[in-house]
Amino acid sequence: MMLSVPAAAGVLLLLAWIYPSDGLYFHIGETEKKCFIEEIPDETMVIGKYRTQLWDKQTSSFLPSTPGLGMHVEIKDPDTKIILSRQYGSDGRFTFTSHTPGEHQICLHSNSTKMALFAGGKLRVHLDIQVGEHTNNYPEIAAKDKLTELQLRVRQLLDQVEQIQKEQNYQRYREERFRMTSESTNQRVLWWSIAQTLILIVTGIWQMKHLKSFFEAKKLV
Amino acid sequence: MYGSFRVLFQVLWAHLLCGWVLGSELTFELPDNAKQCFYEDIIIGTKCTLEFQVVTGGHYDVDCRLEDPDGTTLYKEMKKQYDSFTFTASKNGTYKFCFSNEFSTFTHKTVYFDFQVGDDPPLFPNENRVTALTQMESACVSIHEALKSVIDYQTHFRLREAQGRSRAEDLNTRVAFWSIGEAIILLVVSISQVVLLRSFFSDKKTTTTRVGS
């Protein structure tokens with residue numbers, strides 16, 4: 001009994017780290033690229049964890065993990081500049097911090113070169129993306145800074161409020177962009193209407209003048 | 001010894017819980033004529049909420065369908081722009097929900113969804129859950145819940161604003177192209193009118209002179 005407890009504890013702990021997430025999953029084809037968009041304010045941390053399982057035709061089920069099969073992760077910032085482009089194994093964890101506010105694109109695709117691996121055609125990907133204050137691991141923070149329960153709760157509230165403030169700043173920046181777009185549309189409608197009316201009048205006058213001179217030349221007027 | 005075993009077990013349980021995902025929020029692109037399905041294993045009795053919103057694309061609508069492990073449809077809506085559906089899992093197993101853009105021929109859509117399963121994991125593994133929370137702690141808990149709903153509202157506001165902004169940007173480009181196009185059409189039509197009229201009169205002129213003489 002004494003020996004089995006640490007052993008069982010060790011196994012449980014190992015499992016908790018090897019299989020970081022067992023939540024949502026979806027299926028992806030061999031050459032398929034799946035992209036997810038995260039619209040975030042600046043200086044926000046994003047942690048993504050994924051786990052892959054391959055369809056095994058013999059057992060007609062998904063194998064626990066597939067060594068040798070990697071996933072290529074590509075992350076683009078709002079200016080479509082690549083900020084992360086790396087190959088990970090069949091289980092991976094990627095993290096990045098945004099430096100500009102806006103839509104960041106996270107794309108995943110498998111790097112399988114061996115066609116035989118994908119004979120069944122399906123790869124199951126478990127994905128978990130956490131943004132901002134959800135990336136904080138509170139028990140870890142409590143242990144590191146030696147906080148009491150109340151202090152930890154207040155720390156969590158502070159993190160949440162900070163996220164709300166960042167989002168509001170980003171909201172102000174977005175609203176300014178929206179306003180600029182609307183004003184540009186307004187200007188364009190105004191100037192192009194004036195220009196088109198002028199073109200209409202000028203071509204009308206030119207038509208009449210030209211035809212008049214043409215008929216006078218033909219001695220019909 | 002038994003006490004230390006219990007503590008160890010509780011710490012491990014907390015560790016496992018913090019590693020477990022209990023809510024997923026994703027925004028993805030759905031190409032035209034495509035269907036995208038997501039799956040999640042849920043334990044019986046868990047209260048779950050599925051919320052989705054179409055952010056950009058076409059008429060801002062998508063088909064959504066939620067099925068339980070036996071294939072029974074729990075929720076099915078066609079061409080919906082935004083909806084929220086809460087249910088309690090009546091069976092153990094894999095629940096599946098799909099978004100379909102098969103009715104659209106050339107517009108691809110961006111869809112946001114938030115699938116909450118159960119409650120958030122506890123912040124701190126309490127050894128004695130039987131004692132009630134102090135006033136300070138329960139105040140913290142209620143502030144936490146209120147802030148969670150503020151963040152939720154902010155997300156929905158951000159999505160609606162993204163929608164409005166994408167429509168405004170579309171309008172801006174459409175106004176530019178259409179104005180330039182109309183100006184060109186105007187010039188082309190007026191010049192060709194004059195050319196056509198001239199061509200009528202040059203033919204007639206030769207016939208009249210012939211008749212005259």
Side-chain angles (χ1 to χ4, degrees), chain A residues 2 5 9 12-13 15-17 19-27 34-39 127-129 131 137-139 142 149-150 152-154 156-157 160-161 163-164 167-168 171 174-175 177-178 181-182 184-185 188-189 192 195-196 199-200 203-204 206-207 210-211 214-215 218 220, chain B residues 1 5 8-9 12 14-16 18-29 36-41 110 115 117 123-126 134 136-137 140-141 143-144 147-148 150-151 154 157-158 161-162 164-165 168-169 171-172 175-176 179 182-183 186-187 190-191 193-194 197-198 201 205:
Chain A
M2 276 274 289
V5 166
L12 271 175
L13 208 62
L15 281 174
W17 278 108
Y19 296 108
S21 66
D22 211 37
L24 202 72
Y25 63 84
F26 54 93
H27 295 137
K34 274 280 183 286
C35 290
F36 298 94
I37 298 167
E38 286 294 331
E39 195 174 353
L127 184 66
D128 171 37
I129 298 176
V131 175
N137 186 355
Y138 287 104
E149 186 175 338
L150 195 63
L152 188 70
R153 282 188 194 275
V154 171
Q156 188 187 40
L157 292 176
Q160 274 188 308
V161 169
Q163 180 167 342
I164 289 172
E167 183 80 28
Q168 282 187 322
Q171 168 63 15
R174 279 194 320 260
E175 194 271 338
R177 258 188 59 190
F178 192 166
T181 307
S182 301
S184 153
T185 307
R188 279 185 196 183
V189 164
W192 277 106
Q196 277 174 7
I199 290 176
L200 200 59
T203 48
W206 172 79
Q207 275 183 330
H210 185 88
L211 282 172
F214 174 67
F215 289 145
K218 300 280 178 199
L220 290 169
Chain B
M1 192 197 67
F5 168 71
L8 182 68
F9 182 74
L12 280 168
H15 219 98
L16 270 175
C18 296
W20 287 92
V21 174
L22 289 168
S24 319
E25 190 181 57
L26 287 173
T27 311
F28 65 97
E29 265 180 32
Q36 177 70 38
C37 291
F38 294 91
Y39 309 81
E40 179 133 15
D41 299 325
T110 312
F115 192 54
V117 175
L123 191 63
F124 211 80
N126 280 359
T134 66
M136 287 287 282
E137 284 170 1
C140 283
V141 166
I143 294 176
H144 177 65
L147 287 178
K148 267 208 304 207
V150 168
I151 292 175
Q154 271 191 329
F157 186 73
R158 168 172 58 86
E161 190 269 341
R165 194 161 28 98
E169 280 167 7
L171 185 66
N172 198 14
V175 161
S179 310
E182 231 186 272
L186 211 57
L187 284 168
S190 54
I191 291 172
Q193 272 180 335
V194 167
L197 267 173
R198 282 176 66 139
F201 283 99
K205 207 244 168 183

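Just so we're on the same page: letters track the sequence lines, and every chain starts at 1. Predicted model only: the values in this text are computed from it and were never measured.
Counted by atom type alone, A:Q171 and B:E161 present zero donor-acceptor pairs between their side chains at under 3.5 Å.
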* side-chain contact (heavy atoms from CB on, under 4.5 Å) evaluation trace for A:H210 with B:R198 -> CA-CA 10 Å; A:H210 185 88; B:R198 282 176 66 139; 2.7 Å; yes
* Show your working on side-chain contact (heavy atoms from CB on, under 4.5 Å) between B:H144 and A:Q160 and close with a plain yes or no. => CA-CA 8 Å; B:H144 177 65; A:Q160 274 188 308; 2.9 Å; yes
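Heavy atoms closer than 4.5 Å to chain B are found in both the backbone and the side chain of A:L157. For A:Q207, the parts sitting under 4.5 Å from any heavy atom of chain B are the backbone and the side chain alike. Of the atoms belonging to B:C140, heavy atoms from both backbone and side chain fall under 4.5 Å from chain A. With a 4.5 angstrom heavy-atom cutoff, B:E25 touches chain A only via backbone atoms. The contact between A:F214 and chain B is made entirely by side chain atoms (from C-beta outward), counting heavy-atom distances below 4.5 Å. Heavy atoms closer than 4.5 Å to chain A are found in the side chain of B:T110, but not in its backbone.
Side-chain contact between A:K218 and B:F201 is absent, with no heavy-atom pair separated by less than 4.5 Å. Within the 4.5 Å cutoff, side-chain heavy atoms of A:H27 are placed close to those of B:Y39. Using a 4.5 Å heavy-atom threshold, the side chains of B:R158 and A:R174 count as touching. Under the 4.5 Å side-chain criterion, counting only non-hydrogen atoms from C-beta, A:F26 is in contact with B:Q36. Put simply, the side chain of A:W192 does not reach to within 4.5 Å of the side chain of B:V175, judged on heavy atoms.
Of all non-hydrogen atoms in B:A168 and A:F178, the two that sit nearest each other are CB-CE2, 3.5 Å. Shown here for A:E39 and B:A162, the closest heavy-atom pair between the two residues is OE1-CB, 4.1 Å. Taking both residues in full, the closest heavy atoms of A:R188 and B:A176 are given as NH1-CB, 3.2 Å, listed atom of the first, atom of the second, then distance.
By the side chain to side chain contact (heavy atoms under 4.5 Å, CB included) test, A:I199 pairs with A:T203, B:A183, B:L186, B:L187, sequence neighbours left out. A search for side chain to side chain contact (heavy atoms under 4.5 Å, CB included) contacts involving A:R177 returns A:Y173, B:R165, B:E169, not counting sequence neighbours.
For the atom pair A:R153 CZ and B:I143 CD1, the distance stands at 11.5 Å (nearest 0.5 Å).
A donor-acceptor pair is defined here as one N or O able to donate and one able to accept, closer than 3.5 Å; such a pair exists between the side chain of B:Q154 and the backbone of A:I164.
Of all the listed residues (B:E182, B:Q193, B:K148, B:M136), the one sharing the greatest number of non-hydrogen pairs under 4.5 Å with chain A is B:E182.
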